[in-house]
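So the structure is just underneath, and the comments pick up after that.
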Amino acid sequence: MGSLDMNTVIHWFIANASVLAVLATVGVAVLLVCCLGCSNCPSRDKDDIFSRHEL
């Protein structure tokens with residue numbers, strides 16, 4: 001029974017490989033756009049994440 005379920009999952013991935021590739025590409029593109037937007041942020045000094053706390 002376990003091998004039948006695994007075969008079904010493998011066939012589903014094979015049948016939907018192009019859909020998964022498109023979703024992965026869109027996800028990476030959104031992540032890159034968000035990271036680039038954050039690195040060009042003019043208020044970087046006011047943000048707690050990017051500010052350096054000197055002792």
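A quick note: this is a predicted structure, and the numbers were derived from the prediction, not measured.
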**Request:** Check whether any side-chain heavy atom of V28 lies under 4.5 Å from a side-chain heavy atom of L32, and answer yes or no.
**Result:** yes
**Asked** With sequence neighbours left out, what residues match L23 under side-chain contact (heavy atoms from CB on, under 4.5 Å)?
**Response** V19
**Prompt:** OG1/T25 to CG/L20 distance, rounded to the nearest 0.5 angstrom?
**Reply:** 10.5 Å
**Prompt:** Is V26 isolated, or which residues cluster with it under the ILVMFWY side-chain rule of less than 4.5 Å, directly or via members?
**Reply:** V22, V30
